[in-house]
Structure formats: C-alpha cells, structure tokens
Amino acid sequence: MTDQSWRAPILHVDMDAFYASVATRDRPELADVPVIVGGGSRGVVLSANYLARKSGVRSALPMTRARRLCPHAVVIPPDFETFGQVSASVMECFRRVTPIVEALSLDEAFLDVRGATRRLGSPAEIAEQVRTTIHDEQGITCSVGVAATVSVAKLASRRAKPDGVVVVPPAQVTAFLHPLDVGELWGVGEKTRDMLHRLGLVTVGDVAHTPVQTLQRVVGHQLGGHLHDLAWGTDRRALTPRAGPHEPDRSMGADETFARDTDDPEVIRRELLRLSSRVATRMRTAGVAGRTVTLKVRFADFTTLTRSRTLPEATDVTVEIHHTATSLFDALGLQRARLRLVGVRVEGLVPRETVHRQLVLGERDHGWADADRAVDRATRRFGNAAVRPASLLRPA
DNA sequence: TCTGGGGTCCTAGGACCC
DNA sequence: TCTGGGGTCCTAGGACCC
C-alpha cells in the first residue's frame with residue numbers, strides 16, 4: 001500500500017485513560033495500583049487505569065458501584081486545570097505535525113496529515129512519531145487510528161488501545177467495518193443499537209446491506225442516511241480545525257447535582273442564582289449574549305424535564321438569566337417535589353457587540369449590566385469568592 | 001447514598017406569515 | 001366559499017459524545 005492510495009490520510013489520536021494517566025504520571029507508587037479518577041459520593045467514574053478496568057470499572061460508572069467492584073482502587077479527584085494544561089501541550093504537539101487539527105475533547109483529536117507525508121514519512125510512521133513525542137514530552141501513552149475517513153480512523157484508534165497503532169488502508173475498509181457490532185459506530189448509542197438489533201441488524205455489514213429508506217424509517221431521516229455512509233466508510237466529513245478564528249459555542253450552561261435531594265424552594269432558588277451567575281460570567285468572559293434561557297430539573301427518580309423561554313433581546317446579565325430561570329421554575333408549580341439536580345443554560349449565543357438593546361423607559365437593565373461588569377472586575381482582581389450576591393453568603 | 005457536567009444535533013408539533 | 005403549501009420560529013424531549 002503506497003502513500004498515493006490515501007486521498008487524505010487522517011489520524012485519530014486518543015490518549016489512553018487520559019485523566020488517570022495524568023493523575024499518576026508523577027507518582028510511581030501508583031504504577032501498579034488500580035486508580036480511579038472521579039467525583040464525590042454522587043459522582044461517576046471519569047477515568048480508570050487499565051488495572052482498575054480489569055475489575056470491570058468503566059467511565060461513567062457510578063462511583064458507588066466502582067468502589068464495590070474495585071475496593072482497593074485509589075480514588076483521585078479530578079484536577080481539570082492540570083488536565084487542560086497537558087491537553088494544550090498535546091494539541092501543540094499535533095500542530096507541529098500538521099495545521100489541520102480538530103480537537104474533539106481534551107484528550108483526542110483528528111489530524112489531517114496529507115501535507116506532512118513528504119516531510120515526515122508514511123501515515124503509520126507519523127503515527128509512531130506522534131506517540132513517541134507525546135510519551136517523551138508528557139509521560140503518557142496514546143493510541144492512534146489511521147484511515148482515509150474520520151469515522152474509520154476513530155474506530156481504528158479504539159482497536160489500537162492501549163498504546164498502539166492500527167492502520168486501515170482504503171482497500172480494507174469494508175473488511176474492517178462489516179464484522180463490527182453496530183454499536184461500535186460513532187453516533188450509535190445504546191438506544192439505537194437496541195433498536196437495530198431488534199430488527200436483526202447486528203453487525204455493521206447488516207446495516208450496510210439494508211436499503212437507506214428502511215434505515216431512515218427506523219431511526220429517522222438524518223441518522224438513517226448517516227448510518228449507511230458510516231457502514232460503508234464513505235462519510236467525507238472534513239476536519240474543522242479549531243485553531244483559527246473558531247466559531248463561538250452555541251450554548252453555555254451549568255447544572256449541579258445536589259449533595260442530597262432537596263424540596264426546599266429557598267435552596268433551589270439560591271442554586272439557580274449561583275448557576276445563573278456562573279453561566280453569565282462565562283458568557284461575559286467569552287463576549288457573547290443569548291436569547292433563550294432553559295431551565296433543567298431532575299427529580300429524585302431521575303426523570304428530567306426542561307422549560308425554556310426566548311427573550312426579546314439577547315442578554316448576558318446575571319439578574320435577567322436568573323429571573324427567567326426562576327420564573328420558569330415557579331411556572332412548574334411543583335408542590336415541594338424532591339429534586340436531584342437543577343440546571344440553567346443559555347442558547348442562541350451571538351457576539352455581544354451585535355446586540356443592540358432597545359432601551360425601554362424606566363428599565364433598569366443598564367444598572368444591572370454595570371453591576372455585573374463591576375463584579376467581573378473585582379473577581380478578576382480578588383478571585384471568585386470576592387463578590388457574590390447577598391443571598392449566597394453563608395451565615396457565619 | 002446507583003446514575004456528573006459540559007456540550008451538539010435531530011425530531012416533531014404548533015404558531016404565524018406570506 | 002373553500003382550499004393550500006412553504007418557511008421560519010419556538011418549545012420540549014431525546015439521543016449521543018467525551
């Protein structure tokens with residue numbers, strides 16, 4: 001297989017057990033111990049090293065179950081600041097290989113290396129160079145999938161784990177894809193997998209040989225067409241590098257699970273204020289404003305609902321977001337139902353300078369926006385705890 | 001003490017406008 | 001008098017990803 005057969009070789013680079021690897025890389029005493037990175041009592045597993053995985057611990061598993069499966073595991077709380085720093089260094093390393101890098105998350109990225117083969121060698125050789133560099137510079141391992149499309153490269157990197165490389169040349173794509181379970185496909189989760197299985201579509205090959213119209217009737221127009229492409233390895237999604245002038249987020253939100261379920265309206269209202277303030281601060285830092293405020297409520301039995309309201313004008317003002325969220329909450333008319341979580345999200349974000357507020361006579365928004373900016377300045381100088389609404393102050 | 005927190009995209013129905 | 005379709009916005013929910 002020569003390099004010329006690759007129209008545009010794509011690398012998918014995925015760190016192995018990223019959070020756990022970073023958390024233990026400077027702690028040799030944890031090298032031979034099962035390690036779980038995860039949150040508090042009501043949290044889930046964010047990452048587990050391969051020793052812990054031997055006991056059945058997986059990402060997203062409730063911590064309570066993880067501890068039961070692996071009682072001797074060392075549990076480390078996540079340190080996202082460090083994860084972010086390591087991630088930035090890793091992405092920088094990728095950009096030394098090619099400018100066409102699409103970061104999918106902190107710990108994985110696609111690299112289009114079509115412009116790098118003359119300089120650095122075959123895609124497989126580039127993959128090994130990347131792995132060596134990451135290991136030498138960051139002290140962690142990664143796995144790389146190489147293919148002509150992003151979706152196949154992504155599946156290949158999973159097959160390469162841990163600490164390996166898998167190359168799927170164009171001529172071998174269907175031989176690689178078709179034996180896989182449909183649930184392996186990127187975008188097919190538990191529900192869709194079950195639905196396809198019930199119809200007798202178990203492998204990717206089964207899906208490939210099903211008429212598109214049939215798939216679309218079962219899983220919807222969009223996904224049906226997409227599945228067919230994935231099953232033949234023909235999706236041609238191009239990389240969208242985030243390096244340059246990247247498009248703003250479409251929404252920003254914050255939600256939090258209470259340490260204990262609560263039915264206290266005052267506790268809930270205060271939490272909505274905290275979350276609104278957090279979201280609005282991030283929006284102002286990013287220089288965006290949004291029109292649609294969405295409230296999320298999760299009950300003790302885990303059922304979840306959302307309510308949203310679209311405002312006449314986009315806002316980044318804490319008080320407006322909080323007011324909208326509480327008004328949506330009040331409209332639910334909950335009679336002291338026990339809540340597990342509340343959340344606030346603002347959607348339809350646009351750059352703030354494109355928002356021209358219509359000043360209504362007597363409106364006091366101006367004052368609130370000014371107050372927010374004063375809070376932002378104080379927070380930047382004195383830290384997060386410096387300024388907060390009176391209702392969020394703890395009684396001494 | 002089962003089930004986090006950050007997102008994206010799609011679907012479907014109703015309102016409303018032309 | 002009766003019949004109509006398309007486009008866009010809004011809302012709610014759901015599936016999925018890391």
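Below, read A as the first sequence line, B as the second, and so on, with proteins coming before strands; counting in each chain starts at 1. Since this is a predicted model, take the numbers as computed values, not measurements.
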In whole Å, what is the span from the [atom1] atom of [X] to the [atom2] atom of [N]?
X: A/Leu155; N: C/dC18; atom1: CG; atom2: C1'; answer: 16 Å
X: A/Arg250; N: B/dC10; atom1: CZ; atom2: C1'; answer: 13 Å
X: A/Asp255; N: B/dG6; atom1: CG; atom2: C1'; answer: 8 Å
X: A/Asp14; N: C/dC18; atom1: CG; atom2: P; answer: 8 Å
X: A/Tyr19; N: C/dC18; atom1: OH; atom2: P; answer: 12 Å
X: A/Lys296; N: B/dG4; atom1: NZ; atom2: P; answer: 10 Å
X: A/Arg298; N: C/dG14; atom1: CZ; atom2: P; answer: 12 Å
X: A/Arg42; N: B/dT3; atom1: CZ; atom2: P; answer: 5 Å

Sequence neighbours excluded and cut-off under 3.5 Å, please list the side-chain donor-acceptor pairs for residues 182-195 of chain A, or say none.
residue	atom	partner	partner atom	Å
A/Glu184	OE1	A/Arg158	NH1	3.4
A/Arg193	NE	A/Asp181	OD1	3.0
A/Arg193	NH2	A/Asp181	OD2	3.4

field: Nucleotide-level pairing of DNA chain B, given in dot-bracket where Watson-Crick and G-U pairs need both distances under 3.5 Å and | marks other strands
entry: ....||||||||||||||

According to a strict under-4.0 Å criterion, is [X] in side-chain N/O contact with OP1 or OP2 of [N]?
X: A/Thr294; N: C/dA12; value: no
X: A/Arg340; N: B/dG4; value: yes
X: A/Arg309; N: C/dT11; value: no
X: A/Ser308; N: C/dC10; value: no
X: A/Thr306; N: C/dA12; value: no
X: A/Thr257; N: B/dT3; value: no
X: A/Arg291; N: C/dC10; value: yes
X: A/Arg65; N: B/dT1; value: no

- request: Select from A/Ala259 and A/Glu256 the residue whose nearest nucleotide in DNA chain B is closer to the 5' end of that strand.
  value: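 Upstream on the strand: A/Ala259.
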
query: Quick one: on DNA chain B, does A/Leu61 or A/Arg278 contact a more 5' nucleotide (nearest heavy atom)?
result: A/Leu61

If you only use heavy atoms from C-beta on, which nucleotide in [options] is closest to the side chain of [X]?
X: A/Ser105; options: B/dT1, B/dC10, C/dC18; value: C/dC18
X: A/Lys191; options: C/dA15, B/dT8, C/dC10; value: C/dA15
X: A/Leu305; options: C/dC18, B/dT3, C/dG13; value: C/dG13
X: A/Thr292; options: B/dG4, B/dT1, C/dT11; value: C/dT11
X: A/Glu108; options: C/dC18, C/dG13, B/dT8; value: C/dC18

Any donor-acceptor N or O pair under 3.5 Å, side chains [X], [Y]:
X: A/Asp14; Y: A/Ser143; value: no
X: A/Arg298; Y: A/Thr304; value: yes
X: A/Ser276; Y: A/His322; value: no

- prompt: What's the base orientation of C/dT1: syn (chi within 90° of 0) or anti?
  reply: anti

Check every strand shown and say whether [X] touches a base, only sugar-phosphate, or nothing at a heavy-atom separation below 4.0 Å.
X: A/Met63; result: nothing
X: A/Arg68; result: nothing
X: A/Leu185; result: sugar-phosphate
X: A/Gly38; result: nothing
X: A/Thr192; result: sugar-phosphate
X: A/Leu46; result: base

query: Do A/Trp232 and A/His178 have their ring centres less than 6.0 Å from each other?
result: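 Here the rings of A/His178 and A/Trp232 have centres that are less than 6.0 Å from each other.
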
Main-chain N/O of A/Ser89 paired with A/Glu92 side-chain donor or acceptor, under 3.5 Å: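 It does not hold such a pair.
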
- request: Check step by step if salt bridge (Lys or Arg N to Asp or Glu O under 4.0 Å) holds for A/Asp301 and A/Arg338.
  value: CA-CA 9 Å; A/Asp301 69 357; A/Arg338 294 191 70 75; over 6 Å; no

message: Under the criterion side-chain hydrogen bond (donor to acceptor under 3.5 Å, both in side chains), I'd like the reasoning laid out for A/Arg309 against A/Ser327: C-alpha separation, chi angles, the key distance, then a yes or no.
response: CA-CA 10 Å; A/Arg309 181 176 303 155; A/Ser327 136; 2.8 Å; yes

task: Look at the side-chain heavy atoms of Ile, Leu, Val, Met, Phe, Trp and Tyr, link any pair under 4.5 Å apart, and say whether A/Ile140 and A/Leu106 land in one connected group.
output: yes

Distance between C1' atoms of B/dG4 and C/dC17 (Å, rounded): 14 Å

- line: One should read off an interatomic distance between A/Leu196 CG and A/Asp206 CG, to the nearest 0.5 angstrom, of 9.5 Å

- prompt: Is the aromatic ring centre of A/Trp186 closer than 5.5 Å to the centre of the six-membered base ring of C/dC17, with the two planes inclined by less than 30°?
  reply: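 It does not: the two rings, one from A/Trp186 and one from C/dC17, miss the stacking criterion.
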
task: Please confirm whether any donor atom in the side chain of A/Thr64 sits under 3.5 Å from an acceptor in the base of B/dT1, or the reverse.
output: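 Answer no: no donor N or O sits under 3.5 Å from an acceptor.
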
